[in-house]
Peer 1: 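One structure follows; several queries about it will come next.
Read the numbers this way: they start at 1 and go in the same order the structure lists the ligands and their atoms.
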Amino acid sequence: MSFQPYTRFEPFRIKSVEPLGFATAEERRAALERAGLNVFQLRADEVLIDLLTDSGTGAMSAAQWGAMQLGDESYAGSRSFFKLEAQVQKITGYRHVLPTHQGRAAEHILFSAVLTPGAIVPSNTHFDTTRANLQLAGVEARDLLIEVGRQPMREHPFKGNLDVEALEALIAEVGRDRIPLVMMTITNNGGGGQPVSLANLRAVSAICRRHDIPFFLDACRFAENAMFIKLREPGYAESTPLEIAQMMFALADGCTMSAKKDGLVNIGGFLALNDDDWAERCRNRMIPIEGFPTYGGLAGYDMEALAVGLDEVLDPRYLQYRLDQAAYLGDRILAAGVPIVRPTGGHAVFIDAGALLDHLPWHAFPGAALSAALYEVSGVRTCEIGSLLFDLKDADGADAPAPNELLRLAIPRRMYTRSHLDYVAEAVAYIAEHRHEIRGLRFTYEAPVLRHFTARFAWEERASVGIHQASGVGRQQAVRAM
Ligand code: F0G
């Protein structure tokens, strides 16, 4: 006998549980109203299943909680720092490791220490904080994603790849001196959590080395990217995720990292790099704003948990489960006739809200409208990744549309089971049936930077029946689905 199971399951058992926040339909409606229709302004207790982000929201392992007891809280020269440093060096190979409280602090330190106003920093796609930190430094963030990466329904194994010809053309056009840095986001969060191939990283690396331009990875989801390479890129099926990660990092000169993603921790990050001069500038920049270089923005116990998390995240069994989970939710949503970015990314399912709500123009923010409506009917919280978040401007400084109006259903790591995802898929199918009842949004408040976090909206006026009258996945149904 040889048992060949086809059931895929979570590669862990659950030791500690936390109740979900069950709100009634009425409570959700009131909460949404109070939040100005912006799900970032909800209280977490008002949310049933929280797919707002996969950042800092995952479950830590027993080994990580245990390691926290070993935290060395010394101000200088903490043992926990050296543990973290060794772990980061093992994976990245970079000489200098600067711990930070999260990814955006690493970005801020790097950009403010080494960039000067007027520069351009190309990337496949800069994510929101990276873009904002570049803008704060007076630097232009330029996205050079391959064309197919902008087309949600087109299949391609590495839709996060950077357009290398466009990079060459940009360098030729503006000159090497205006491009002090090239970045690549792995996986490409803004474009659907899509991976970047080793071949593409190699090509970008070669261009950067030829022009003597430092090349950095925004490495938040490096392990998921490595697993995609193992599964999809010819020649790497036998390599371990760690070996692939080492190859990826070896092609670049440094990285910024939000450890709240593939560090498997609730808070943390780091900046790692090879160049001694840049490292010194970054350390000097870091001390007044983040902390002494052997703790950055972290407690000793945070660094312990992160050192363990960086190990656990590279377990191929964990990574297979992780990618399966997103693919499972994606398949269920697609089966309900809802367009999504295909293939499914590593950390999230991205619904093509622009296509689903094709009665709404981009400036009525179909992704954010869908997010509000989905929360209202089901208690599921999601995040718009479209014109609201990207906040692009045209040459005249007027608001411009993002390439796509997406709604991200980000899956926290090791947190929700398959039946939670079944409930989410059911809620999405319901809202899709009622899509014509969803109205557009207009601002009642808009902040100058990172406006999506604090914006307030009103539904646009429309005579027909609103989602308010038609909705009905209330507490009863939520309980039944569990
Ligand atoms: N880079 C990428 C690609 C990210 O996705 C994020 C965060 C950051 C940088 C910044 O890291 O939050 O630790 O400061 N993304 C979260 C998200 C917030 O929901 O995707 P941070």
Peer 1: Evaluate N189 for polar contact with ligand 1, using N/O atom pairs at a separation under 3.5 Å.
Peer 2: yes
Peer 1: Heavy-atom distance under 4.5 Å between the side chains of L32 and R28, does that happen here?
Peer 2: no
Peer 1: Cut-off 3.5 Å, side chains only: do H452 and D128 have a donor facing an acceptor?
Peer 2: yes
Peer 1: Please verify whether a non-hydrogen atom of C220 lies at under 4.0 Å from ligand 1.
Peer 2: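 Checking ligand 1 against C220, which is what was asked, there is a heavy-atom contact under 4.0 Å.
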Peer 1: Say you draw a straight line from CD1 of I385 to CZ of F350; how long is it, rounded to the nearest 0.5 Å?
Peer 2: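 One gets 5.0 Å once the value is rounded to the nearest 0.5 Å.
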Peer 1: Report yes if the side chains of I431 and L370 come closer than 4.5 Å at any heavy-atom pair, otherwise no.
Peer 2: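 Of all side-chain heavy-atom pairs linking L370 with I431, at least one is under 4.5 Å.
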Peer 1: Is there a side-chain contact between K261 and N189 (heavy atoms, below 4.5 Å)?
Peer 2: no
Peer 1: Quick check: does T187 get an N/O under 3.5 Å from an N/O on ligand 1?
Peer 2: no
Peer 1: Give me the nearest non-hydrogen protein atom to atom 13 (O) of ligand 1 as residue plus atom name, then the distance to 0.1 Å.
Peer 2: S258 OG, 2.6 Å
Peer 1: Just jot down the ligand 1 atoms closer than 4.0 angstrom to any heavy atom of T129, in number order.
Peer 2: 8 (C), 9 (C), 10 (C)
Peer 1: Identify the protein heavy atom lying closest to atom 4 (C) of ligand 1, giving its residue, its atom name and the separation to 0.1 Å.
Peer 2: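 Among all protein heavy atoms, the one nearest atom 4 (C) of ligand 1 is F127 CD2, 3.4 Å.
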Peer 1: Do other residues, nucleotides or ligands put more than 12 heavy atoms under 6.0 Å from the CZ atom of R43?
Peer 2: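 Incorrect, the count does not exceed 12.
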Peer 1: Starting from atom 1 (N) of ligand 1, what is the nearest protein heavy atom, named by residue and atom, and what distance separates them?
Peer 2: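 That would be D218 OD2, 2.7 Å.
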Peer 1: Considering heavy atoms of the protein only, find what lies nearest to atom 21 (P) of ligand 1 and give residue, atom and distance to 0.1 Å.
Peer 2: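 Closest protein heavy atom to atom 21 (P) of ligand 1: Q102 NE2, 3.3 Å.
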Peer 1: Atoms of ligand 1 less than 4.0 Å from G103 heavy atoms?
Peer 2: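 Matching atoms, with element in brackets: 11 (O), 13 (O), 14 (O), 21 (P).
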Peer 1: Under 4.0 Å from a heavy atom of K260: give me the atoms of ligand 1 that qualify, with their elements.
Peer 2: 13 (O)
Peer 1: Measure R104 to ligand 1 on non-hydrogen atoms and call it side chain, backbone, both or neither using the 4.0 Å cut-off.
Peer 2: both
Peer 1: Can you run down the salt bridge (charged side-chain N to carboxylate O under 4.0 Å, His left out) pairs that involve residues 51-61, sequence neighbours left out, and say none if there aren't any?
Peer 2: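 Passing the test, one end in residues 51-61: D54-R221, D54-R322, D54-R413.
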Peer 1: Below 4.0 angstrom from a heavy atom of E107, which ligand 1 atoms are there? Numbered from 1 as shown, please.
Peer 2: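 Those atoms are 1 (N), 8 (C), 9 (C), 10 (C).
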Peer 1: Purely on distance, is any nitrogen or oxygen of T185 under 3.5 Å from one on ligand 1?
Peer 2: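 No, since none of the N or O atoms of T185 sits under 3.5 Å from an N or O of ligand 1.
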Peer 1: At the 4.0 Å heavy-atom cut-off, does K261 count as touching ligand 1?
Peer 2: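 K261: in contact with ligand 1 (<4.0 Å).
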Peer 1: Distance to the ring centre below 6.0 angstrom and angle to the axis at most 45 degrees; does that hold for R418 and Y328?
Peer 2: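 Judged by the rule (NZ or CZ under 6.0 Å from the ring centre, within 45° of its axis), R418 counts as positioned above Y328.
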Peer 1: Under 6.0 Å from the CD atom of E280, do we count more than 12 heavy atoms belonging to anything else shown?
Peer 2: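 Open: at most 12 neighbouring heavy atoms sit under 6.0 Å from CD of E280.
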Peer 1: What do we get for R408 next to ligand 1 when only non-hydrogen atoms under 4.0 Å count, side chain, backbone, both or neither?
Peer 2: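 Side chain only.
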Peer 1: State, with a plain yes or no, whether a side-chain heavy atom of R281 is found less than 4.5 Å away from one of N284.
Peer 2: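 Result no, sub-4.5 Å side-chain heavy-atom pair not found.
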